Amino acid sequence: MARTIALTFVILLGGARAFAAPGIVPVTANTCVACHSTLADRRLANPTRLFGGQDVHRERGFDCVDCHGGSPTSPDKAAAHDASGRVSAMAFRGKPTGRAVIATCARCHSDAELMRTFAPRQRVDQATEYATSVHGKRLTAGDTRAATCASCHGAHGIRLVSDAKSPVFPTNVATTCAGCHADPARMNGYTLADGSPLPTRQFADYQKSVHFAALTKGNDLSAPTCNDCHGNHGAAPPNVGAVANVCGTCHAVFAQKFAASVHEAIFDKGCVECHANHAVAKPSDQMLSATAPGVCQPCHNGDDKTDKGAAAAADMRGDIERLKTGIEHSSAALAHLKNAGIEVSDPQLALREAGTRLTLARTEMHGFDPAHVAPILADGMTIVATVDRAAQSGAAELTFRRRGLFVSLGAILVFVVALGLKVRQIDRRDHERRTQSAGR
Amino acid sequence: MITIGDLPPRDGVGRSEFDRRHFLDALLIVGFTSTAAAIAYPVGRYLVPPESGEPATASVVAGRAGALRANSAAIFKFGSKPGIVVRTAEGELRAFSAVCSHLDCTVQFKSDTSQLWCACHNGTYDLAGNVVSGPPPRGLETFRVNLRGEGDDAEIVVSRT
Amino acid sequence: MSVIDWVDERLDLTEVRQFVAEKGVPVHAQKIWYYLGGMTLFLFSVQLFTGILLLLYYRPSAAEAYESVQFVVTQVKFGWLIRNVHSWSANLLIALAFAHFFSVFFLKSYRKPRELTWVSGMLLLFLMLGFGFSGYLLPWNELSFFATKVGTGIAGAVPVIGRFSLRLLRGGDDVTGATLSRFYGLHVAVLPALATALVGVHLLLVQRQGMSVPIDVEKKLKPGERLRQMPFFPNYILRDVLAWYLVIAVLAALAAFYPWELGTKADPFAVVPPGIRPEWYFLAMFHTLKLVPSHVLGIEGERLGVIAFGIAALFLVLVPFLDRRASRGERSPLFTVLAALGLVYLISFTIIGRYAK
């Protein structure tokens, strides 16, 4: 009795006041919140706090009972938690776990007509996708540790994917996945297809990659994170043969060249054979070699003269290095001339085209055929030669200026000598005049 | 000062002395004139405005209006970087930096799709400079275009702001 | 009728004719030092001339200064020549100004009645250093930007008015486009106006008082005896012109063999290049300030150094009033020694400052 009075009192005063923090829209006072917010057990009290903060469902008018069932208006605990379905519209189901989570979310999110009234563009096949994922398959097999909707999206205080604080915002995805996948204790017992334990280095590796750098430091939100290669809800590692397609969704040109090359049929892991899967580093020309630190070895042997692959690598690498050196020299020569005051913006512009050839060659190289790569680099060398000729004429202009000044220097010195003689002449005349007038 | 045409001294020093003095005076005139010319000539050429008009920091002439037909483009030099001026199918002039924001290759105009395309890794930009597809992380820098003059001979002036 | 007669009919050139006929230059063993003043004046007019030419193309904004200098040097016909001459002539001007200063100092030409000539000359020397400092920033390249930063920073060490002076010089707290505008105004308007006025005063005094003769030579004269004079027109002036042409020759040689570079455009947010130094004419002072310990008797070292230089400058300006012996026409070995010490200090510290790490 006292408790009921106290609760009623709390409803009247506490319901809104409990969420009186500025900026937070108070939950329409319902008995779930009124009671749970006062509970000592934080596991029961926290959800009310989170749900009362920023939550995408609450902001659209959804309530505790829409997922949990039960009655939001009875202060009586038994009635509020009524599981029979007689007191409330939806029977109380407590905290959903395992497959019940999927069912709870999919009740709305797989309903196209319902979702159209809230977010017409949002997909409604997440649950179907999820069923194909490793997580989904394990869950169906009875593994309660497998990730469900709530594991990544949260349950209370859910934010839109476009909200920077959401655990599934692009910059946060890897950290969310790593919450389980980087924890050896959590991953204990899971194995790869070949029986070896599931690695937990992926997040650490990914943090070393160019993709991570582009995402976090480069502010490029289109840079890939876990879900871009592994899938969103249908999360699974790409199969053998699929890797090149996955990388090719962004790196289209390279995938094209690779698909036409000899390595396409040979490589099991596609791009990953040379470029790694998580710790994808910024590629360098040094990789193109059959001797360490090149990645062509150990399949190809740089010391073996009959190894055609090693020879092809050496050819392409040699041409690339030649063009690179040529561009560096020309660039330095032009910079020197520019500093000395010769107009060089035209050759500088032309030299950029040589740089473009270098980029194109590095792309073409993924076809692994020197016959296609060589003409591009030869083109680049021609441009470098033209620029060098321009640099030479610039240097000639400098020499011409120097010579011109030299000539004028000669003229000046002639004049100086003549002037000196004139001075002496005038002095002598004055001296004669003086001695003459003195003599008279 | 220099007494040219001075009479020889009355006590007659001799023709050679007279000739030498005249020779010296002539040499001095020649010397002075040539050095004065060596100074005046460069100064004179300096004062004549050079062809390129002014430093190409803020704006540059990209070409003649008549030389650019509808749905075509031309590359021009802006400082030491390439720019591209496009005439849309409707006849409007637009100018962008031709440096692809991915790896600095020079973009080109594709008249079949009316888009700007980078041959290196297939980056595509629309005629507002925005990235349509491919690896470029940012759009192309957009420049302001104005016409100076009338008709086909009007200069296309591209400015940074 | 000649042109001169035509002008004479209208302006009465009697005084001018008298001046031309009578002006003479004393002849003695030390007369070679007389040419230094004229050479300095010649270089000053070269600077005015080439400076005005550069003004036609230069743009004094942080966004365009470097590019406009680049434009002059690469696009304008003979722009490289005008710019090279201006840069080299600036250095030669300051070198000759110092030489002129030292020759006057050693020969005691500052003594009575020429005290004001000395004072105006000292002020002109400071103005020339100001010209050098302000002009150096104008190409807005990396070296000049950081040298200006360091130099104006030192100005901040002056006691009492230091902070105010620093802000006044820089046009703010840091070296920015505002500094460039200010230095430009100083370099092309304020300093030239002051310098022209002072040169006018300096020349007027020299014409009125004639050339000073060294004390030793004066003492050897018998009472009533006058030194032999060389007529100014044409003997001395031809020699002057010869000296000026030699200066032109040196300028042309320097421009040919050591053309002035453009450098890289200033980036205010770049790291200060290691070993940044001011131009050679500030090196001695700069290196001295670097050697002063950071704190001396509770006073900040740099501040003490700046105060010391201020006192030294004031002392130099007042030398004619302090050197009593010279004013009486007597030999003044103390001041000769001071001059020698000053010269040795300047030369050695300039060299050390150039090569010190």
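This one's a predicted model, so the numbers in the text were calculated from it and none came from an experiment. Convention: sequence-line order gives letters A, B, ...; per-chain numbering from 1.
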Novice: Is A/F203 atom CZ crowded by more than 12 heavy atoms from other residues, nucleotides or ligands, each under 6.0 Å away?
Specialist: yes

Novice: Is any side-chain heavy atom of A/V423 less than 4.5 Å from a side-chain heavy atom of C/N235?
Specialist: no

Novice: Report, as yes or no, whether the 6.0 Å neighbourhood of atom CG on C/L221 holds more than 12 heavy atoms from other residues, nucleotides or ligands.
Specialist: yes

Novice: Within the supplied structure, the quantity of interest is the number of heavy atoms (other residues, nucleotides, ligands) at a distance under 6.0 Å from C/E15 CD; does it exceed 12?
Specialist: no

Novice: Taking all non-hydrogen atoms of both residues into account, name the closest pair between C/P231 and A/D430 and its distance.
Specialist: CG-OD2, 4.2 Å

Novice: Kindly give the heavy-atom pair with the smallest separation between A/L419 and C/V241, and that separation in Å.
Specialist: CD2-CG1, 3.7 Å

Novice: In this structure, are over 12 heavy atoms from other groups packed under 6.0 Å from C/K77 atom NZ?
Specialist: no

Novice: Side chains of C/L81 and A/L405: closer than 4.5 Å at any heavy-atom pair?
Specialist: yes

Novice: Measure the acute angle between the ring planes of A/F406 and C/F257, then classify it against the limits of 30° and 60° as parallel, tilted or perpendicular.
Specialist: perpendicular

Novice: What part of C/L251 gets closer than 4.5 Å to chain A, counting heavy atoms only: side chain, backbone, both or neither?
Specialist: neither

Novice: How long is the gap from CG on C/L262 to NZ on A/K338, to the nearest 0.5 Å?
Specialist: 8.0 Å

Novice: Take atom CH2 in C/W33; do more than 12 heavy atoms of anything else shown fall under 6.0 Å from it?
Specialist: no

Novice: Please step through side-chain contact (heavy atoms from CB on, under 4.5 Å) for the pair C/T74 and A/I342, ending with a clear verdict.
Specialist: CA-CA 5 Å; C/T74 58; A/I342 303 286; 5.6 Å; no

Novice: For the residue pair A/A340 and C/V73, what are the closest heavy atoms and their distance?
Specialist: O-CG1, 4.5 Å

Novice: Which side-chain N or O atoms in residues 277-285 of chain A pair as donor and acceptor under 3.5 Å with protein atoms at least two apart or in another chain?
Specialist:
residue	atom	partner	partner atom	Å
A/S284	OG	A/Q286	N	3.3
A/D285	OD1	A/R362	NE	2.8
A/D285	OD2	A/K324	NZ	2.7
A/D285	OD2	A/R362	NH2	2.7

Novice: Side chains of C/P259 and A/R401: closer than 4.5 Å at any heavy-atom pair?
Specialist: no

Novice: Rounded to the nearest 0.5 Å, what's the gap from CD on A/E343 to CZ on C/F71? Could you check?
Specialist: 9.5 Å

Novice: Given a strict heavy-atom distance threshold of 4.5 Å, which part of C/Q70 is in contact with chain A: side chain, backbone, both, or neither?
Specialist: side chain

Novice: How long is the straight-line distance from CG of A/D427 back to CZ of C/R239, given to the nearest 0.5 Å?
Specialist: 4.0 Å

Novice: Would you say CG of C/L55 has more than 12 non-hydrogen atoms from neighbouring residues, nucleotides or ligands within 6.0 angstrom?
Specialist: yes

Novice: Any chance NE2 of A/H336 has more than 12 other-residue heavy atoms, nucleotides or ligands included, within less than 6.0 Å?
Specialist: no

Novice: Where the side chain of A/N339 meets the backbone of C/G263, is there a donor-acceptor pair that is under 3.5 Å apart?
Specialist: yes

Novice: Got a second to check how far C/I248's CD1 is from A/L413's CG, nearest 0.5 Å?
Specialist: 11.0 Å

Novice: Less than 4.5 Å apart, side chain to side chain, heavy atoms only: is that true for A/R434 and C/R228?
Specialist: yes

Novice: Quick one: of A/S408, A/G341, A/S345, who has the most non-hydrogen atom pairs under 4.5 Å with chain C?
Specialist: A/G341

